[in-house]
Amino acid sequence: MSFPLLTATAVLPAIGAIATAAVPAAQRTAAKWLALLVSLGTLALAITVLVRFDPGGDRYQLTESHSWIADFGVRYELGVDGIAVALIALTALLVPFIILAGWHDADPLETGSKRWRPTQGFFALILAVEAMVIISFEATDVFLFYIFFEAMLIPMYFLIGGFGDRAHEHGEKVASTQRSYAAVKFLLYNLVGGLIMLAAVIGLYVVAGNFSLQEIAEARANGTLDMATNTERWLFLGFFFAFAVKAPLWPLHTWLPNAMGEATAPVAVLITAVVDKVGTFAMLRFCLQLFPEASKWATPAILVLALISIVYGALLAVGQRDMKRLIAYASISHFGFIIMGIFAMTSQGQSGATLYMVNHGISTAALMLVAGFLISRRGSRLIADYGGVQKVAPVLAGTFLIGGLATLSLPGLAPFVSEFLVLVGTFTRYPVIGIIATFGIVLAALYVLVLYQRTMTGPVKPEVSAMPDLRVRELVVVAPLVALLLFLGVYPKPLTDIVNPAVQQTMSDVHKKDPQPEVEAAK
């Protein structure tokens, strides 16, 4: 038997989570280093997956298949296409930076406090989330995917509710209440979506007789499995609802600003740059592949919801007083672009959406982590409490600017390529939707530049006059992210070469071809 590389990539952080949690209470530093080393080992395995994946080969590679619950047709089946490989690499890349950025986030509270934070638990939960996200990207058995799609909610609930941001304008008591509210809201929204999906998963089994994504998709393609139109549409809606909550898509988005606002900055990155990508990825892998006709039927409504997300999220970001909530609403707008690209049903749109998932993860991580470093120095999330930071901490201000410019998709930075492809792919089939969506770009420039102006320029406020610049650990976190934004901004080909074959196969699943440009006959 060949080495089970995909299993190892998911199991290593799971074992690391258990080992980190078992470190004695007094050995907090050892727990941190153990978690970091495990995350780096997972990154090495993810790079091995990336190297061994052949973009021109079979659709699903490095496959593993074992009987699990034979009586119900449930198998332990793993396999990756180009889209999954890119997102596994993104997850494995970001987690070491998340751990480094949150190095002191779960340390004991101020001297003299009787309350202690279980440092080991914080880092163990991060590794547990990483393991569940990676296996969600790898699973080709629908039931196996569902288990981990839901299971990741539990460690995320404790990360949000138990390790929230210490910077709160109304004190620790109110902050604790807000954290609890955000954690419960996150859990309830996603549990409701998951329960609806469970009903759809059971319905799919009743219709298809098994849970294998590849077998069901092949049966749909060759005509041996013919779903009734209404059945397919109901099953599609059950799956899509759960993914739209996770993504999140308007109007199912309201849990995200609360969760990102109350979580620590590294956990906020884990939410929006890692966990939420499972929702958009699953739309491509499961909705379009299992229910192609229903996907086309629902496309107009989904595009309208995505367009609302783009404009609504950007408008609310403009009016935010809280720095972290501004980034959260910006992410809602960006997820609107991703979903619009997926359901534009063009190769440019879906390639752009996949690139957007990766590039949004990198740019949001850069911006949110630098914002977290800023907040930890000042002790406030309010934009009005800052001013003149670039004069006292120029490196911090410079990296904050680069993260912000990437968020507004400045040409030369990675998100520009993906946003451009999404808009081009949408315009070729739905020109009105594409034109209106460009309004989100204008608003992004507004909220990013205003944020930078209010926090970094102008007179130096007394509260920030002694603010230190980025430390070595923080530079180690931010510098590689900035380098990636620049590299993928000017040379996205390594990423597009991986994802484009998978996008073409998805287009084939839904029996769609790119619209041919209208060319006037030569006179």
Side-chain angles (χ1 to χ4, degrees), residues 55 81-91 93-94 247 249 272-274 276-277 279-281 283-284 303 306-307 309-310 313-314 327 330-367 402-430 433-434 437-445 448 481-504 506-507 514:
D81 60 4
I83 299 170
V85 166
L87 293 175
I88 289 169
L90 172 71
T91 301
L93 173 72
L94 290 182
L249 177 68
T272 191
V274 176
D276 288 354
K277 297 302 188 300
T280 47
F281 163 80
M283 292 178 189
L284 278 166
L303 288 176
L307 185 60
S309 287
I310 292 169
I327 299 172
S331 290
I332 292 169
S333 181
H334 295 147
F335 276 107
F337 277 109
I338 294 170
I339 295 170
M340 185 176 74
I342 292 171
F343 285 90
M345 301 294 182
T346 61
S347 58
Q348 299 99 327
Q350 292 187 358
S351 292
T354 305
L355 293 180
Y356 216 137
M357 288 188 237
V358 176
N359 294 333
H360 170 263
I362 300 170
S363 62
T364 299
L367 182 60
I402 294 173
L405 293 176
T407 298
L408 64 82
S409 299
L410 183 77
L413 297 174
F416 169 76
V417 179
S418 43
E419 194 167 280
F420 178 77
L421 285 173
V422 166
L423 289 171
V424 169
T426 303
F427 183 82
T428 57
R429 200 180 291 278
Y430 303 98
I433 296 288
T438 58
F439 188 55
I441 301 175
V442 178
L443 292 173
V448 167
L481 297 175
V482 171
L484 273 173
L485 289 173
L486 293 168
F487 175 76
L488 294 176
V490 298
Y491 190 62
K493 188 176 184 296
L495 195 52
T496 57
D497 285 347
I498 293 172
V499 304
N500 281 346
V503 166
Q504 293 300 330
T506 304
M507 289 284 291
D514 290 329

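Note that this is a predicted model, so its numbers are computed, not measured.
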Is the closest side-chain heavy-atom distance between [X] and [Y] below 4.5 Å?
X: S347; Y: N500; result: no
X: F335; Y: L249; result: no
X: V358; Y: V499; result: no
X: F343; Y: M283; result: yes
X: M345; Y: Q350; result: yes
X: I362; Y: L488; result: yes
X: L93; Y: L484; result: yes
X: N359; Y: E419; result: no

Point-to-point distance, once rounded to the nearest 0.5 Å, from [atom1] of [X] to [atom2] of [Y]:
X: I327; Y: T407; atom1: CD1; atom2: OG1; result: 7.0 Å
X: L367; Y: I402; atom1: CG; atom2: CD1; result: 11.5 Å
X: S418; Y: H334; atom1: OG; atom2: NE2; result: 9.5 Å
X: L355; Y: I338; atom1: CG; atom2: CD1; result: 10.5 Å
X: I339; Y: S309; atom1: CD1; atom2: OG; result: 6.0 Å
X: L443; Y: T438; atom1: CG; atom2: OG1; result: 10.0 Å

**OP:** Kindly assign one of parallel, tilted or perpendicular to the pair H360 and Y356, based on the angle between their ring planes and the thresholds 30° and 60°.
**Re:**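 Because their plane-to-plane angle lies in the 30° to 60° range, the rings of H360 and Y356 count as tilted.
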[X] to [Y] - nearest heavy-atom pair and separation:
X: I83; Y: F281; answer: CG2-CD1, 3.8 Å
X: G434; Y: L423; answer: O-CD2, 3.9 Å
X: S363; Y: A406; answer: CB-CB, 3.7 Å
X: G82; Y: A502; answer: N-CB, 3.8 Å
X: A344; Y: L303; answer: N-CD2, 4.1 Å
X: L94; Y: A365; answer: CD2-CB, 3.9 Å

Side-chain ([X]) to main-chain ([Y]) donor-acceptor, under 3.5 angstrom:
X: T280; Y: K277; value: yes
X: T346; Y: G425; value: yes
X: S351; Y: Q348; value: no

Original post:
For D276, what residues pass the salt bridge (Lys or Arg N to Asp or Glu O under 4.0 Å) criterion, not counting sequence neighbours?
Top reply: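 For D276 there are no salt bridge (Lys or Arg N to Asp or Glu O under 4.0 Å) partners, ignoring immediate neighbours.
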**OP:** Go through the steps to decide whether L481 and L485 satisfy the test side-chain contact (heavy atoms from CB on, under 4.5 Å), and finish with yes or no.
**Re:** CA-CA 6 Å; L481 297 175; L485 289 173; 5.5 Å; no
Subject >> Within 6.0 Å of CZ in F416, more than 12 heavy atoms from elsewhere >> reply: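 Yes, the 6.0 Å shell around CZ holds more than 12 heavy atoms from other groups.
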